[in-house]
Structures are given as C-alpha cells and as structure tokens.
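The structure appears below as structure tokens.
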Amino acid sequence: MTERERSIHEMLKDTPSMNDSCGAVHTGTEGVSLGGGIGGLSGSSSSHSIGAAIPLNTSSNLPLRNHSAPTTPMTATTSQTGNGYLTSTDGSSSLIRTSASKIDSIKNWSISTYKCTRQIMLEKLGKSQRTVDSELEAQIEQLRETQRKYLSILRLTRAFSSHFQHVVVTQQSLADAFADLAQKNPELQKEFICNSETQRNLTKNGELLLNALNFFISSVNTLCNKTIDDTLLTIRQYETARIEFDAYRMDLENTKPELTQAASTLEETQRSYAHHKDLYEKLRGDVAIKMQFLDENRIKVMHKQLILLHNAIAAYFSGNAMALESTLKQFNIKLKSPNNVSGSWLEQ
C-alpha cells in the first residue's frame, strides 16, 4: 500500500499544477480539495488516501471569479478607443442630430415635390381647380410677349449692324484703292481723289452710325436679358408658390376631422396650408410691384433709344454729318470703332 501511494505521489509531481493549466475548467467554490477530481480517475478505494496526502493550498489557487467584463459602466462623456484616443459622446450626438436634420429636410422636400407634381398633373387633367388672378396673369403674359418682341428687334438690329459694318469696311478699302490709283494715274488723278474722299466721308459717317447702333443694341440687351429676366425670375417663384399653395389647399380640403383621424395630422396640414398661403400672397405682391417699376423703366429706356436710332439713321442716310455728330453728343456716346485710323502728326 505504501509503494502504491508513493508511486502515485511521484506521478502527481510530474503533472502541471492546476494554477498553470490553461485548458482546465475550474468549477465549484474556493477551498475544495482535489479528492473528488482524482477519485474519478483512480477509483473510490484510493480517493480518501490521496485527499489526505495532498492537501489543497488555497493561497496559490486562482480565484474562482468572473473577470470577463468590468462591473462599472463607462462614463457618458468620454470613451477610450483602441488607439488610445478619447472620443466624446457629445460629438456623436451632434453628428446624429445633423444626420437627422438632413434626413428630415430630404423627407420634406420629397413630400413637397410629390404634392406639387400631383397638383400639376391634376390641373392638366382638369381634376383640380387652380388659384387664378386674372389681372396679374394677363400682365405676366403681356410682359413675356413684350420680351419676345424686344428680342426679335435686338436680333434684327444686330444683323443690320453686322451687315453695315461690312459695308463700312468695304468703303474704307475702296477709298484706299482710289487713293492708290490717283498716285499712279496722273491723267485721272482728280477723279480718283474725288471718289476717294467721298468714300472716306461715308466711312467716317458710317462709323458714327455704328457707334449709335452698338449703343442701342447694348441698352436693349440689358433691358431684355437682365432687367426683364430679373422680374421673370420673381414670376417663376410666384408660380411655384401658387402650385404649392394649391397642393396644400387640396390636402386641407380632402382632410376631414373623422374619429380615426389624428388631431396632430390635421393641425400639421392646417399649419402647412397657412405657411404656403402667406408665401404665395407675399410673392404675388412682389410680382405686382416689380412689374410696375419694370414698366416705368422700360418706357423710359425705350423712349431714349428709339429717338437715338431714328435720328442717327435719318442723319446718316440724308447725308447730314453735323446732325449725326450732334445726335451722338446728345446721348453722350463715345466713339469707339476698330476702323478708325488716326491721322498723321501733320494733319493734327
């Protein structure tokens, strides 16, 4: 029996301790002997002798507690990442609020776009009534027609100016050719010089007329493509507000306070309708004021430009050079032409 116990002690010395074993499963409570565990391997007859021979040293054992997670929660203000940086939960919450606001704006835009598209389709199909301001819409249509006619005048005036510029360039070339022939043909020198001076005078007066035409084109272009376009931009905003107003008005008319209807939904519909109604009325007032000022400005500008064009063309084709020059001075038009050739210092 003694030899058997001794052999078992030698075998236990060669085995690793329970504290160094990574694969061992520790169960039970602290201070339990190894008798029950070894007894399952060596038999019930020797379990008591082994337990008596090998006492359990509780001071070197691993504590049988769960250390897998901390028992205290993380703080709400900061947290530590794997890289050692501290991140604030306030930044995360602000990012969440920003994302939520963007999602809400996209949602509101989608709902508004859907309602406006539906309103346009119903109006075209004749299944929805649109808000009509007959007097204002007649003025808007008249303004658009006026812009179309002014743009047609602008296009024709540009074509006339381009063709007339070619005429002036040709006259200048013809004057140079006559002057050259006057030097080489003494027998016809007088006639060539006379024609050369005539073409030079026509060129000079043509350049004055070109300056008047360019001033007329610039003024009408500013009126059509800037002044009128600014008013038309406000008109387009007004028309969009009118469609939105009718869309939310139809929603309010179709919303009935039933028992199953939530009170918050009805209140939200009324609030949206009131907001779009105020926007529509504000833009309608802005359009009326802008169109009134535009009409006054248009009459003033066109009155000045039409007088300029008439006087300049009449003076040129009648051969009245003094009247043509006085017309340009009257309207403070600076003479700018690429065909002007500065005279020699002897002429000055």
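All residue numbers refer to positions in the sequence shown, counting from 1.
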- [ ] Run the numbers on L181 and L188 for side chain to side chain contact (heavy atoms under 4.5 Å, CB included), then give the verdict.
- [x] CA-CA 8 Å; L181 288 171; L188 296 174; over 6 Å; no
Open item on the list: Set out, in order, the CA-CA distance, both residues' side-chain angles and the distance that settles side chain to side chain contact (heavy atoms under 4.5 Å, CB included) for R249 and E253, then state yes or no.
Closed with: CA-CA 6 Å; R249 176 180 57 81; E253 291 175 355; 3.1 Å; yes
- [ ] I would like to know whether Q305 and L309 meet side chain to side chain contact (heavy atoms under 4.5 Å, CB included); could you show each step before the answer?
- [x] CA-CA 6 Å; Q305 295 303 318; L309 185 65; over 6 Å; no
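Two residues are said to be in side-chain contact when any heavy atoms from C-beta on lie closer than 4.5 Å; T327 and F331 meet this criterion. Annotation: side chain of K282 is not in contact with side chain of D278 (no heavy-atom distance under 4.5 Å). Counting heavy atoms from C-beta outward, N211 and L328 have side chains that approach closer than 4.5 Å. No side-chain heavy atom of V168 sits less than 4.5 Å from a side-chain heavy atom of L209. Counting heavy atoms from C-beta on, the side chains of Q119 and D251 never come closer than 4.5 Å.
Q147 and D229 share a donor-acceptor pair across their side chains, judged by distance under 3.5 Å alone. With no hydrogens or angles considered, no side-chain donor-acceptor pair links D286 and T234 at under 3.5 Å.
Residue Q270 places its CD atom among more than 12 non-hydrogen atoms of other residues, nucleotides or ligands, all under 6.0 Å distant. Other residues, nucleotides and ligands contribute at most 12 non-hydrogen atoms within 6.0 Å of the OH atom of Y114. Taking a 6.0 Å sphere around CD of Q129, one finds it holds 12 or fewer heavy atoms contributed by other residues, nucleotides or ligands.
Residues satisfying the side-chain contact (heavy atoms from CB on, under 4.5 Å) test with A179, not counting sequence neighbours, are S196, R200. L294 is linked by a side-chain contact (heavy atoms from CB on, under 4.5 Å) to L143, T227, I228, T231, counting only residues two or more places apart in sequence or in another chain. Listed by chain and residue number, I193 satisfy the side-chain contact (heavy atoms from CB on, under 4.5 Å) test with E197 (two or more places apart in sequence, or in another chain). In this structure, the ring-ring contact (aromatic ring centres under 6.0 Å, His included) partners of Y316, at least two apart in sequence or on a different chain, are F164. Residues forming a ring-ring contact (aromatic ring centres under 6.0 Å, His included) with Y150 (at least two apart in sequence, or on another chain): none.
Side-chain atoms of S218 do not come within 3.5 Å of backbone N or O of F215 as any donor-acceptor pair. A donor-acceptor distance shorter than 3.5 angstrom exists from the side chain of T157 to the backbone of I153, with no hydrogens or angles considered. Under the 3.5 Å distance criterion, the side-chain polar atoms of H276 are matched with a main-chain donor or acceptor of S272. With hydrogens and angles disregarded, a donor-acceptor distance shorter than 3.5 Å links the side chain of N214 to the backbone of L210. Here the side chain of D180 pairs no donor or acceptor atom with the backbone of D176 at under 3.5 angstrom. In terms of modelled atom types and a separation under 3.5 Å, the side chain of S162 and the main chain of R158 share no donor-acceptor contact. Within the 3.5 Å criterion, the main-chain N or O of N201 finds a donor-acceptor partner in the side chain of N205.
A chain of hydrophobic side-chain contacts below 4.5 Å, direct or via other Ile, Leu, Val, Met, Phe, Trp or Tyr residues, connects F317 to F216. Under the 4.5 Å side-chain contact rule for hydrophobic residues, L154 and L213 share a cluster.
Salt bridge annotation for R271-E267: present, with a cationic side-chain nitrogen under 4.0 angstrom from a carboxylate oxygen. With salt bridges taken as basic N to acidic carboxylate O contacts below 4.0 Å, none links K329 and E325. Salt bridge E145/R148: present, at least one basic N to carboxylate O contact under 4.0 Å.
Among residues at least two apart or in separate chains, ring-ring contact (aromatic ring centres under 6.0 Å, His included) pairs with a member in residues 277-304 are Y238-Y280, F245-Y280.
If you run side chain to side chain contact (heavy atoms under 4.5 Å, CB included) between I235 and each of K290, E137, R144, Q139, only R144 comes through.
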